[in-house]
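Working notes for the structure below.
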Amino acid sequence: MRNDQQFFSRPAVEAGGRRWDWAVLPLMLALLVVIAYGASQMARPYRLGDALPLSLDPAYLPYYLLRTTLRMFAALAASLIFSCLFAVLAAKYRAAERVLVPLLDILQSIPILGFLSITVTGFIALFPGNLFGVECAAIFAIFTSQAWNMAFSLYQSLRTVPAELHEAARVFQLSGWQRFWRLELPFAMPGLLWNMMMSMSGGWFFVVASEAISVADQSIKLPGIGSYIALAIEAKNLAAIGWAIGAMLLGILLYDQLFFRPLVAWADKFRFEESGSEAVPSSWLLGWLRRTERIRALADWAVRQLERSLLWFRLPHDGTSIRARPRRAALPLQRAWDALVAAAVLLAIWRLVTFVHSEVGWHEVGHVAVLGLYTLTRVLVLITLAALVWVPVGVWIGMNPRWSGRLQAVAQFLAAFPANLMFPVAVVLIVHWHLNPNIWLSPLMVFGTQWYILFNVIAGASSVPTELRYAAQNLGVTGWLKWKRYLLPAVFPSFVTGAITASGGSWNASIVSEYVSWGSTTLQAEGLGQYIAHMTAIGDFPRIALGIGVMSVFVMGLNHLVWRRLYRLAEDRMHF
């Protein structure tokens, strides 16, 4: 890992930095004005029942793009905070891990419609007479499509920090706060940034559902790209869908160039190993900002404040003190915690049995379980096919930094492409050729989630130690032996993280992929997603809860029996 703590290195700052200040100033002011305008529109007065204007005129698309982008970045900031808290607690505290990891499995299996139906009334009540309550509900829905992937990525990185770095942290007597900022977060930064990009794209995948909210028997469509797409699909307006795709592409290119590409170029210095290639990520904007004296001074001030906080939270003793010895957790406290968790599980099972007996019946449970097996089969087959395609592609991109930079925006756009826009093509082809919806609707499930595998494999391949690359070259390892002994073990931890999130996302996507509408035509594939979507359409809340509960059981079982075992294998055997 390179020892470079400055955001802007001083040699990069030219003597004429003040001239660059005057060049950047108008751009910064314009950006602030646009953000302030969008934020003011998100917090304007609103009463439930008022109509929000929405038009398919392409002239409104820049405004809709602004509103959607602000929601997504607000959700991304919340997701980053959540990921840090989750990863630290789950990676460092065994008792917390036993609760938080299964809880995250459950959360990622709950459909976005389920989160909206639970939270929207509460958010509106927090901000009465203001649109910001509805906006918070939409932001929270987007958060649920972003946070789980980032949390799993950071958790995996913290669990796989090399032992020699942990030993160095103990030698330098770093406190928990110092260890996080000086070791763990920098080590996880390259992979975390790729997963942040994937999370932004995942937000686009569910943006249609997050911007069309139903509450008190009323439908609220917030101005945005998602609601524009929903309106275009209702009107069967292919031209409007084309305009929406163009606006999405423009938005992704903008925030890739103005946000993610500078971050990726800056975070390259945090790699544990130098890249095996001379090509390193670059950003024209980062190079431009490095020439501005005031921006550099602001960045240096922020770094100094962080370094000051590292001194505040240092260890109160040295390494020779008896207080420096690792302390065992109190056995009675552990047993009390285990008893509390067991009691909570038993209470949940009792409430579940009572609910099933009184509301839906055991026959319905058996029927839903069979539907879950159908969807499980689709998920396993599709994840396997996606892995066969995207693992080799991800390894190639990750080990070629020059191509990685070129394909970054393309990968984000493909990952962001909403499955809703594929509905017209799918419906027309299936109806025209009289195809079986149970088979040909299935690819829509993995259309937006396969990219979790690609992005994580890219992050893992780009972090392969240089000496390992040279060793493989010197030994002349080629063909399947190269994949078996070198490439697959190198990216295996990252692949497992991507597969976990892709699997959970596929279960979630089954709700919109097994129940597809285009105009007056509706196609259904037998499965758990179709069951939940159908019950949501008719408003049968007990069966909606049953479907979500069974989906959570399937996701947790798959994660525990398959992905967690692979995860432990990655931790035990795949370290370099």
Inset, instruction - Indicate yes or no: at least one non-hydrogen side-chain atom of I439 is less than 4.5 angstrom from one of L435. - result: no

Inset, instruction - Report yes if the side chains of M556 and P102 come closer than 4.5 Å at any heavy-atom pair, otherwise no. - result: yes

Looking only at side-chain N and O atoms, does [Y] offer a donor or acceptor that is under 3.5 Å from a partner on [X]?
X: S442; Y: R378; value: yes
X: E211; Y: Y228; value: no
X: N456; Y: S494; value: no

Legend entry - NZ/NE/NH1/NH2 to OD/OE distance under 4.0 Å, R159 and E184: no

Legend entry - W243 CH2: over 12 foreign heavy atoms closer than 6.0 Å: no

Inset, instruction - Determine whether more than 12 heavy atoms belonging to other residues, nucleotides or ligands lie under 6.0 Å from atom NE2 of H166. - result: yes

Between [atom1] of [X] and [atom2] of [Y], what distance do you get to the nearest 0.5 Å?
X: I532; Y: I511; atom1: CD1; atom2: CD1; result: 4.5 Å
X: T497; Y: I453; atom1: OG1; atom2: CD1; result: 11.5 Å
X: I142; Y: S199; atom1: CD1; atom2: OG; result: 12.0 Å
X: L487; Y: K482; atom1: CG; atom2: NZ; result: 5.5 Å
X: N149; Y: M198; atom1: CG; atom2: CE; result: 6.5 Å
X: S79; Y: N195; atom1: OG; atom2: CG; result: 11.5 Å

Backbone N or O of [Y] within a donor-acceptor pair of the [X] side chain at under 3.5 Å?
X: T68; Y: I225; answer: yes
X: S462; Y: A459; answer: yes
X: R485; Y: L481; answer: no
X: S513; Y: A509; answer: yes
X: T501; Y: G498; answer: yes
X: E514; Y: G529; answer: yes

Inset, instruction - Return the orientation label for the F73 and Y255 ring planes: parallel under 30°, perpendicular over 60°, tilted otherwise. - result: perpendicular

Inset, instruction - Could you check whether the rings of F86 and F82 sit parallel, tilted or perpendicular, using 30° and 60° as the cut-offs? - result: parallel

Inset, instruction - Step through it carefully: locate the ring centre of W440, locate the ring centre of W433, and say whether they are under 6.0 Å apart. - result: no

Inset, instruction - Taking the six-membered ring for Trp and the full ring for Phe, Tyr or His, determine whether the centres of F140 and F143 are under 6.0 Å apart. - result: yes

Legend entry - V381, L380, V379 screened by side chain to side chain contact (heavy atoms under 4.5 Å, CB included) with I383, the one that passes: V379

